[in-house]
Amino acid sequence: MTEQEMYNLMNSNVGFHLATVEGDQPRVRGMMLFRADENGIIFHTASTKDVYKQIMANPKAELCFNGDGVQIRVTGVLKLINDDKLKEEIFNHPSRKFLNAWRENGIDHLLQIFVMKNCEAVTWTMETNFEEKKPVKICCNT
């Protein structure tokens, strides 16, 4: 699978699972992707959530995307982004209408944006189930 095919699958299946660590306990939850391309994998959460606190304490994470019989696991380090233009893009995106309530209630400052760059991805299918995993560098346009 090429790097672009991986981005296409991620962007077509925006629900993904994020694994973090809290102390010595793994934590996994479903998240919603904003965008994945050569510049990074971008998603957001609220600063009041446990996942935010876990990432801030240990930014190493793994993301898992599934679609069309393919699983993509991406391992790397998450970085907090402070970008007002990107924040506006997220708030105004048609898929993020649910965030309008944040603005209406004056809590839009809680939105925190993360990116994973310079990461490694491995793919899995039933056909490649027993093959050796070969990590591929992705999101390396820095």
Side-chain angles (χ1 to χ4, degrees), residues 1-103 105 107-142:
M1 182 171 240
T2 68
E3 184 174 355
Q4 188 58 53
E5 289 171 331
M6 288 184 206
Y7 300 142
N8 292 346
L9 186 140
M10 292 177 200
N11 288 309
S12 297
N13 300 277
V14 297
F16 71 96
H17 286 89
L18 168 65
T20 60
V21 176
E22 183 176 43
D24 65 349
Q25 179 64 49
R27 302 288 185 198
V28 177
R29 84 280 292 145
M31 300 292 288
M32 186 176 176
L33 175 72
F34 182 66
R35 179 174 56 227
D37 60 27
E38 63 278 355
N39 296 308
I41 300 170
I42 298 172
F43 66 95
H44 55 83
T45 191
S47 58
T48 56
K49 300 244 182 180
D50 289 341
V51 66
Y52 172 79
K53 295 169 189 150
Q54 291 159 9
I55 294 168
M56 296 307 290
N58 181 352
K60 292 181 180 179
E62 186 164 273
L63 318 176
C64 185
F65 296 86
N66 289 282
D68 302 325
V70 177
Q71 179 182 88
I72 303 171
R73 290 179 24 225
V74 184
T75 304
V77 177
L78 294 167
K79 181 180 176 192
L80 188 64
I81 302 174
N82 187 6
D83 182 330
D84 290 335
K85 185 177 174 185
L86 179 58
K87 190 174 273 194
E88 280 304 307
E89 182 183 346
I90 290 170
F91 272 107
N92 293 320
H93 197 274
S95 71
R96 298 306 197 267
K97 290 186 187 288
F98 64 91
L99 291 175
N100 290 336
W102 292 36
R103 284 214 161 132
N105 291 303
I107 61 169
D108 51 319
H109 65 281
L110 299 177
L111 184 78
Q112 302 296 315
I113 306 167
F114 288 98
V115 65
M116 185 180 280
K117 296 182 177 186
N118 300 315
C119 37
E120 288 189 344
V122 294
T123 58
W124 175 93
T125 66
M126 285 300 289
E127 292 78 26
T128 63
N129 190 29
F130 295 104
E131 294 178 11
E132 180 182 346
K133 304 294 182 268
K134 296 178 180 152
V136 176
K137 287 279 193 190
I138 64 170
C139 304
C140 296
N141 187 19
T142 57

Is [X] reaching over with its side chain to a backbone N or O of [Y], donor-acceptor style, under 3.5 angstrom?
{"X": "Glu3", "Y": "Cys139", "value": "yes"}
{"X": "Thr128", "Y": "Glu131", "value": "no"}
{"X": "Asp37", "Y": "Asn39", "value": "yes"}

Could you check whether any side-chain heavy atom of [X] comes within less than 4.5 Å of a side-chain heavy atom of [Y], counting everything from C-beta outward?
{"X": "Asp108", "Y": "Leu99", "value": "no"}
{"X": "Asn13", "Y": "Asn66", "value": "no"}
{"X": "Phe43", "Y": "Leu78", "value": "yes"}
{"X": "Met1", "Y": "Ile72", "value": "yes"}
{"X": "Asp83", "Y": "Ile113", "value": "no"}
{"X": "Val122", "Y": "Trp124", "value": "no"}
{"X": "Met32", "Y": "Phe98", "value": "yes"}
{"X": "Ile55", "Y": "Leu18", "value": "yes"}

Between Arg103 and Glu88, does at least one N-O distance fall below 4.0 Å, as a salt bridge requires?
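Counted as a salt bridge, because a side-chain N and a carboxylate O are separated by less than 4.0 Å.
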
To the closest 0.5 Å, what do you measure between [atom1] ([X]) and [atom2] ([Y])?
{"X": "Phe65", "Y": "Thr123", "atom1": "CZ", "atom2": "OG1", "result": "14.0 Å"}
{"X": "Met6", "Y": "Ile138", "atom1": "CE", "atom2": "CD1", "result": "6.0 Å"}
{"X": "Ile81", "Y": "Gln112", "atom1": "CD1", "atom2": "CD", "result": "11.0 Å"}
{"X": "Cys140", "Y": "Glu120", "atom1": "SG", "atom2": "CD", "result": "9.0 Å"}

Under the criterion side-chain hydrogen bond (donor to acceptor under 3.5 Å, both in side chains), which of Lys60, Arg29, Gln25 is the partner of Thr20?
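Of Lys60, Arg29, Gln25, side-chain hydrogen bond (donor to acceptor under 3.5 Å, both in side chains) with Thr20 is met by Arg29 alone.
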
Distance only, no hydrogens: is a donor on one side chain within 3.5 Å (strictly under) of an acceptor on the other, for Thr75 and Glu62?
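Present: a donor and an acceptor within the cut-off.
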
Is there a donor in the side chain of Asn8 and an acceptor in the side chain of Gln4, or the other way round, less than 3.5 Å apart?
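Side-chain D/A pair, Asn8 to Gln4: present.
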
Nearest heavy-atom neighbours spanning [X] and [Y]:
{"X": "Met10", "Y": "Val74", "value": "CE-CG2, 3.7 Å"}
{"X": "Trp102", "Y": "Leu110", "value": "CZ3-C, 4.0 Å"}
{"X": "Lys97", "Y": "Pro94", "value": "CG-O, 3.3 Å"}

For [X], does the [atom1] atom sit with more than 12 other heavy atoms under 6.0 Å from it, leaving out its own atoms?
{"X": "Asn129", "atom1": "CG", "value": "yes"}
{"X": "Lys53", "atom1": "NZ", "value": "yes"}
{"X": "Arg96", "atom1": "CZ", "value": "yes"}
{"X": "Lys133", "atom1": "NZ", "value": "yes"}

Describe, in one word, how the ring planes of His93 and Phe34 are oriented to each other, choosing from parallel (under 30°), tilted (30 to 60°) and perpendicular (over 60°).
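Ring orientation, 0 to 90° scale: perpendicular.
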
